[in-house]
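Bear in mind that the values here come from a model prediction, so they are computed numbers and not experimental data. FYI, side chains are in, hydrogens and waters are out, and symmetry mates aren't considered; it's all heavy atoms of this structure.
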Amino acid sequence: MSRHADTGRTAGLSPAVRITHWVNLVAMVSMVMSGLGIYNAYPILPFHFPAWATLGGWLGGSTIWHFAAMWLLVANAAIYLGYGLLSGTLRRRLFPIRLADGLEDLKLALTFRLKHDGGGYNTIQKALYVGVLGAGVLMVASGLAIWKPVQFAWLTALFGGFATARIVHFAGMSAIVAFTVVHVAMVAIVPSTLRTMTIGAPRPKDGETKDE
């Protein structure tokens with residue numbers, strides 16, 4: 001039995017995972033585009049983003065979109081994490097993450113021999129997914145520090161002040177966008193994974209494992 005066979009490679013994804021994935025996509029795109037609109041009103045770097053990449057049209061509109069998408073994202077994340085923890089899906093698909101396995105998969109990736117299919121995650125994928133979940137936590141914390149710098153003064157101070165919290169928030173968004181670009185590129189390389197995340201994987205044959 002291969003290492004991947006007992007570390008999360010499954011025959012398909014549950015409807016709960018698939019639905020929350022696409023809702024998450026809508027919420028994330030809305031948050032990023034409205035966030036760029038907010039950024040343009042008070043940039044922290046010496047450039048603006050083009051209007052077509054923003055949502056809301058002006059600071060007030062972008063802020064309304066940002067908070068609306070935030071509540072959608074929070075509710076969706078609560079459903080996803082609640083289901084993942086109660087069903088054991090998160091543990092099975094994302095753990096364990098072993099350094100030796102990661103080095104082996106990195107070697108395979110550098111030689112273009114690393115497999116990427118809809119049946120489960122290799123160690124690099126596991127690390128990336130855990131990392132983007134961590135970035136999500138950082139985004140929530142830095143967002144609260146920016147949103148309510150008086151009520152959450154201790155949190156704002158923990159980030160080193162309001163301006164630094166904005167930089168952390170922007171850096172977290174950039175990391176999530178970079179993850180998304182890699183994610184979409186991998187789907188383009190292995191388009192069968194798109195079916196797994198939409199209508200589900202084919203029914204497993206006798207003797208194969210159907211997880212979630």
Side-chain angles (χ1 to χ4, degrees), residues 16-50 53-56 58-85 89-91 93-95 97 121 124-187 197:
V17 172
R18 285 181 274 142
I19 292 172
T20 53
H21 174 272
W22 292 111
V23 173
N24 190 61
L25 174 64
V26 173
M28 287 300 302
V29 170
S30 299
M31 286 209 72
V32 169
M33 294 183 69
S34 59
L36 295 182
I38 296 171
Y39 166 94
N40 279 352
Y42 183 37
I44 57 176
L45 296 173
F47 60 83
H48 289 77
F49 290 95
T54 67
L55 184 63
W58 63 296
L59 176 58
S62 295
T63 302
I64 292 172
W65 270 102
H66 204 64
F67 283 109
M70 177 196 73
W71 288 117
L72 176 62
L73 186 66
V74 168
N76 192 59
I79 294 172
Y80 174 78
L81 292 176
Y83 171 80
L85 292 173
T89 300
L90 287 177
R91 175 181 55 80
R93 294 187 68 85
L94 300 183
F95 298 98
I97 299 176
Y121 302 141
I124 293 177
Q125 287 175 300
K126 291 178 182 179
L128 288 174
Y129 279 112
V130 171
V132 80
L133 288 175
V137 173
L138 185 64
M139 290 293 288
V140 171
S142 57
L144 288 174
I146 297 169
W147 179 31
K148 298 289 186 181
V150 175
Q151 292 85 345
F152 294 103
W154 61 271
L155 185 59
T156 307
L158 192 63
F159 279 105
F162 183 83
T164 308
R166 286 196 69 200
I167 294 173
V168 171
H169 201 65
F170 185 84
M173 179 209 68
S174 301
I176 291 175
V177 170
F179 166 84
T180 303
V181 170
V182 174
H183 182 62
V184 171
M186 296 302 290
V187 172
M197 191 51 81

**Student:** To the nearest 0.5 angstrom, please state how far the CE atom of Met28 sits from the CG atom of Asn76.
**Tutor:** 11.0 Å

**Student:** Does the side chain of Leu133 come within less than 4.5 Å of Leu94's, by heavy atoms?
**Tutor:**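 The answer is yes; the side chains approach within 4.5 Å.
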
**Student:** Nearest heavy-atom pair of His66 and Ser34: which atoms, and what distance?
**Tutor:**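 Smallest interatomic distance, heavy atoms only, reads ND1-OG, 2.9 Å.
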
**Student:** Can a donor-acceptor pair be found, under 3.5 Å and without considering hydrogens, that links the side chain of Thr156 to the backbone of Gly161?
**Tutor:**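 Not a single qualifying donor-acceptor pair exists.
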
**Student:** For a 4.5 angstrom cut-off between non-hydrogen side-chain atoms, does Leu73 reach Met31?
**Tutor:** yes

**Student:** Describe, in one word, how the ring planes of Phe179 and His183 are oriented to each other, choosing from parallel (under 30°), tilted (30 to 60°) and perpendicular (over 60°).
**Tutor:** parallel

**Student:** As a test of understanding, state which of Val130, Ile124, Val132 forms a side-chain contact (heavy atoms from CB on, under 4.5 Å) with Leu128.
**Tutor:** Ile124

**Student:** Are any of the side-chain heavy atoms of Ile167 and Phe159 separated by less than 4.5 Å?
**Tutor:**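 No; the side chains remain at least 4.5 Å from each other.
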
**Student:** Where do Ile176 and Ala135 come nearest, in terms of heavy atoms and distance?
**Tutor:** CG1-CB, 4.0 Å

**Student:** Is the shortest side-chain heavy-atom distance between Phe47 and Phe49 below 4.5 Å?
**Tutor:** yes

**Student:** Please name the pair of heavy atoms, one in Tyr39 and one in Arg166, separated by the smallest distance, quoted to 0.1 Å.
**Tutor:**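 Taking every non-hydrogen atom into account, CA-NH2, 4.2 Å.
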
**Student:** If you compare all heavy atoms of Ala165 against all heavy atoms of Ser142, which two are closest, and at what distance to 0.1 Å?
**Tutor:**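 Nearest heavy atoms, Ala165 then Ser142: O-CB, 3.8 Å.
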
**Student:** Show the nearest heavy-atom pair for residues Phe162 and Ala145, with the distance to one decimal.
**Tutor:** CD1-O, 4.3 Å

**Student:** Any side-chain heavy atom of Tyr80 within less than 4.5 Å of one from Val23?
**Tutor:** no

**Student:** Going from CZ on Arg91 to CG on Leu85, what distance comes out if it is rounded to the nearest 0.5 angstrom?
**Tutor:** 10.5 Å

**Student:** Is there a ring-ring contact (aromatic ring centres under 6.0 Å, His included) between Phe152 and Trp147? Walk through the geometry before answering.
**Tutor:** CA-CA 9 Å; Phe152 294 103; Trp147 179 31; 7.7 Å; no

**Student:** Quick check: do Lys148 and Leu155 have side-chain heavy atoms less than 4.5 Å from each other?
**Tutor:** no

**Student:** What I'd like to find out is whether the side chain of Leu59 reaches to under 4.5 Å of the side chain of Thr63, using heavy atoms alone.
**Tutor:** yes

**Student:** Can you name the nearest heavy-atom pair linking Ala16 to Thr20, along with the distance?
**Tutor:**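 Looks like O-OG1, 2.7 Å.
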
**Student:** Is any side-chain heavy atom of Phe170 closer than 4.5 Å to a side-chain heavy atom of Ile44?
**Tutor:** yes

**Student:** To the nearest 0.5 Å, tell me how far Leu55 CG sits from Ile64 CD1.
**Tutor:**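 It comes to 11.0 Å.
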
